[in-house]
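This report refers to the structure that appears directly beneath it.
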Amino acid sequence: MKIKIINQITLCLALMFMILGCKTKQVDKNQKQQAQEVVKKPNIIFILADDLGYGDVGFNGQDKIKTPNIDKLAANGMVFTNHYTGSSVCGPSRAVLMTGKHTGHSTVRGNPRWTASGTPVDINAEDVTVAEELKRAGYTTGIVGKWGLAENLTDGVPNKQGFDYFYGFNQHSPAHHYYPKTIFENETRLPLKGNDPKTKKGQHIHYLITEKATDFIDKNHKEPFFLYLSYTIPHFELTILEKEKEQYKNLGWPKRKMKPGHYRHDEDGHITYAAMVSTMDRDIGNLVEQLENLGVADNTLIVFTSDNGHEYDDLKNEFFNSNGDFQGHKRDLYEGGIHTPFVAYWPNKIKAGSTTNHISAFWDFLPTACELAGIQPSDKIDGVSYAPTLLGNEHQQKNHEYLYWEFNERRGPIQAVRKDNWKAVKFDKKPVELYDLNKDISEQNNIAEQHPEKAKELLYLINNSRTEHLEFPLIKKTLKK
């Protein structure tokens with residue numbers, strides 16, 4: 001009897017240890033799976049050019065400026081043919097990119113001096129940025145280059161908006177020059193010895209921005225990271241090292257003589273502009289090579305685009321066809337002001353050589369980054385994740401009902417809406433304009449009178465897509481001295 005009881009106890013103990021062992025193995029398995037999921041979170045690099053036109057890159061038809069490395073991203077990644085910026089100027093466009101809210105809802109809706117009071121408006125403590133979201137998912141976050149959302153140097157500075165590391169320009173005006181006297185590293189203003197923006201002496205900031213981006217990747221590539229690489233090229237002023245111009249000299253190009261003023265331009269505009277874009281292109285190529293050498297290229301999503309339309313190649317001096325087929329440029333809500341080049345590259349995840357006509361915008365980046373990181377946006381946003389399109393799951397892709405913009409500088413207020421193939425543009429106290437972009441991408445034929453019901457439908461969206469903002473009312477205003 002005792003032996004029987006002992007055997008039963010032994011059997012029970014054996015079963016207990018087996019169960020505990022299974023549980024331990026299950027826990028180990030779960031932990032291993034979680035660790036693998038962390039590893040699978042992609043690094044995200046968002047590269048933003050400044051004032052680069054839709055037609056300034058080879059994959060969109062540029063035949064004078066050489067952009068082989070950006071074109072290689074396109075050839076081995078996905079080109080978005082219907083991608084839009086947040087605004088037609090820098091500040092609000094970047095605010096939209098960071099917060100996932102279009103200019104009808106964002107905190108920053110205009111550049112610093114174009115407010116009702118004349119006092120700059122920055123993003124604030126209540127705004128939730130993509131960097132703050134990705135921090136929740138375990139990412140190390142960095143921005144190198146132009147931030148432009150902390151004119152007052154208070155709550156808007158990058159280190160208070162979710163970024164672990166910052167090197168660059170908090171404010172707009174210093175970012176206009178390539179030989180600034182100072183630069184910020186995190187919240188410390190550092191002198192750049194020997195730099196003089198008026199004489200263009202010292203260190204050209206583009207090279208320092210590239211160097212800091214390289215350092216950030218070197219230091220942080222072993223864990224998931226988000227790098228916002230915000231170049232100032234090719235924003236006015238036009239200046240670059242002479243060695244970068246050599247490939248464009250002696251090509252017989254007409255000379256466009258630039259006059260120095262606030263912007264300390266180099267003398268020959270065409271050669272300088274092309275050399276600036278090609279310099280950025282080369283450094284993007286070096287960045288991709290760095291990722292490959294570190295063994296993290298296959299787990300890194302690279303996005304390349306521009307903050308708004310071009311400024312240099314205007315109607316009086318058109319040479320590069322920076323617009324492509326679009327009307328307008330920077331400060332317009334026609335396609336030339338807000339429809340920019342966009343390519344996404346992620347080896348073995350994004351189908352090489354693919355193209356999508358999915359209609360997307362800057363406010364979609366935040367939810368896209370969140371989806372790829374395995375989290376949900378924590379704030380109410382206007383964006384729709386384009387991750388399904390990137391990963392070839394178009395059948396799962398949600399579409400915008402419509403896109404909305406507003407802009408209020410010299411020619412403002414201007415509002416615009418795109419809904420499917422229809423685009424409406426509304427200038428203050430003028431009838432709404434209507435275009436069918438499938439038939440008229442150049443927005444040459446206003447067909448509002450031929451389609452009054454469609455014009456009325458889009459006008460309703462224009463009038464009902466915004467919240468009031470005391471500093472950005474939609475009234476005619478002039479720049480305060």
Side-chain angles (χ1 to χ4, degrees), residues 45-90 93-94 96-97 145-146 228-235 273-274 276-285 287-288 301-313 318-330 332-346 350 352-365 368 386 389-390 403 405 418 437 441-442:
I45 301 177
F46 194 100
I47 305 174
L48 190 66
D50 199 337
D51 292 3
L52 186 78
Y54 183 86
D56 278 333
V57 288
F59 71 82
N60 280 340
Q62 179 56 232
D63 58 4
K64 294 185 179 74
I65 303 171
K66 300 168 187 174
T67 58
N69 293 292
I70 297 170
D71 298 341
K72 189 176 179 182
L73 294 181
N76 293 291
M78 177 178 287
V79 173
F80 281 56
T81 61
N82 276 314
H83 188 76
Y84 290 88
T85 66
S87 179
S88 59
V89 291
C90 167
S93 193
R94 292 158 194 266
V96 167
L97 176 68
K146 184 175 178 179
Y228 175 26
L229 177 50
S230 182
Y231 279 124
T232 52
I233 282 179
H235 190 288
Y273 187 82
M276 289 173 76
V277 175
S278 289
T279 299
M280 175 178 64
D281 175 86
R282 179 200 61 218
D283 292 335
I284 290 171
L287 182 146
V288 174
L301 167 66
I302 298 176
V303 172
F304 173 81
T305 186
S306 175
D307 64 343
N308 47 250
H310 74 96
E311 184 168 26
Y312 172 73
D313 200 28
E318 189 171 352
F319 182 67
F320 294 115
N321 192 29
S322 294
N323 269 6
D325 294 325
F326 301 149
Q327 179 189 174
H329 47 82
K330 182 177 180 178
D332 285 320
L333 292 186
Y334 294 119
E335 295 291 285
I338 53 176
H339 194 154
T340 53
F342 185 97
V343 60
Y345 169 78
W346 187 359
I350 293 175
S354 54
T355 300
T356 177
N357 60 6
H358 172 65
I359 299 171
S360 58
F362 266 25
W363 50 100
D364 296 335
F365 175 61
T368 303
Y386 47 75
T389 293
L390 294 179
L403 303 179
W405 301 265
R418 174 163 183 178
L437 297 181
I441 195 65
S442 302

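If you check the side chains of Thr67 and Asp71, you find a donor sitting under 3.5 Å from an acceptor. Side-chain contact of Asn323 with His329: a donor-acceptor pair under 3.5 Å is absent, judged by distance alone. Of the N and O atoms on the side chains of Asn357 and Thr81, not one donor lies less than 3.5 Å from an acceptor on the other residue.
Taking OH from Tyr54 and NE2 from His83, the interatomic distance works out to 11.5 Å, rounded to the nearest 0.5 Å. To the nearest 0.5 angstrom, Asn82 atom CG is 5.0 Å from Ile359 atom CD1. Here the NE2-CZ distance, from His310 to Phe326, works out to 10.5 Å after rounding to the nearest 0.5 Å. Taking CG of Asp325 as the start and OG of Ser442 as the end, the distance is 5.0 Å to the nearest 0.5 Å. Atom CD1 of Ile70 is separated from atom CG of Leu52 by 7.0 Å, given to the nearest 0.5 angstrom. To the nearest 0.5 Å, the span separating NE2 on His358 from CG on Leu390 amounts to 9.0 Å.
In terms of heavy atoms, Lys146 sits closest to Thr232 at CB-CG2, 3.9 Å. Taking both residues in full, the closest heavy atoms of Ile233 and Met276 are given as CG2-O, 3.4 Å, listed atom of the first, atom of the second, then distance. Residue Gln62 comes nearest to Gly55 through the heavy atom pair NE2-O, 2.8 Å, listed as atom of the first residue, atom of the second, then distance. Of all heavy-atom pairs between Val89 and Lys330, the closest is CG1-CE, 4.2 Å. Contact record, Tyr228 with Leu48: OH-CD2, 3.5 Å, taken as the closest heavy-atom pair.
Checked options Phe80, Tyr334, Tyr84; the residue passing with His339 is Tyr84 (criterion: ring pair (Phe, Tyr, Trp, His ring centres under 6.0 Å)). Looking at Thr85, Thr340, Asp51, Asp332 one by one, the single match for side-chain hydrogen bond (donor to acceptor under 3.5 Å, both in side chains) with Asn308 turns out to be Asp51. Of the candidates Phe362, Phe59, Tyr386, Phe342 forms a ring pair (Phe, Tyr, Trp, His ring centres under 6.0 Å) with just one, namely Tyr386.
Looking only at side-chain heavy atoms (C-beta outward), Lys66 and Asp281 stay at 4.5 Å or farther from each other. In this structure, the side chains of Leu73 and Ile284 come closer than 4.5 Å at one or more pairs of heavy atoms. Counting heavy atoms from C-beta on, the side chains of Asn69 and Val288 never come closer than 4.5 Å. Proximity of Asp56 to Asp313: side-chain heavy atoms (C-beta onward) are nowhere separated by under 4.5 Å. Within the 4.5 Å cutoff, no side-chain heavy atoms of Val343 are placed close to those of Val57. Counting heavy atoms from C-beta outward, Phe320 and Tyr312 have side chains that approach closer than 4.5 Å.
Using a distance-only test at 3.5 Å, with no hydrogens or angles considered, a donor-acceptor pair links the side chain of Thr305 to the main chain of Pro341.
Enclosure of atom NZ in Lys72 is not indicated, since only 12 or fewer non-hydrogen atoms of other residues, nucleotides or ligands lie within 6.0 angstrom.
Note on ring orientation: taking the six-membered ring where Trp is involved, the planes of Trp405 and Trp363 are perpendicular (angle over 60°, cut-offs 30° and 60°).
Checked for salt-bridge contact, Arg94 and Asp307 meet the test: a charged N lies under 4.0 Å from a carboxylate O.
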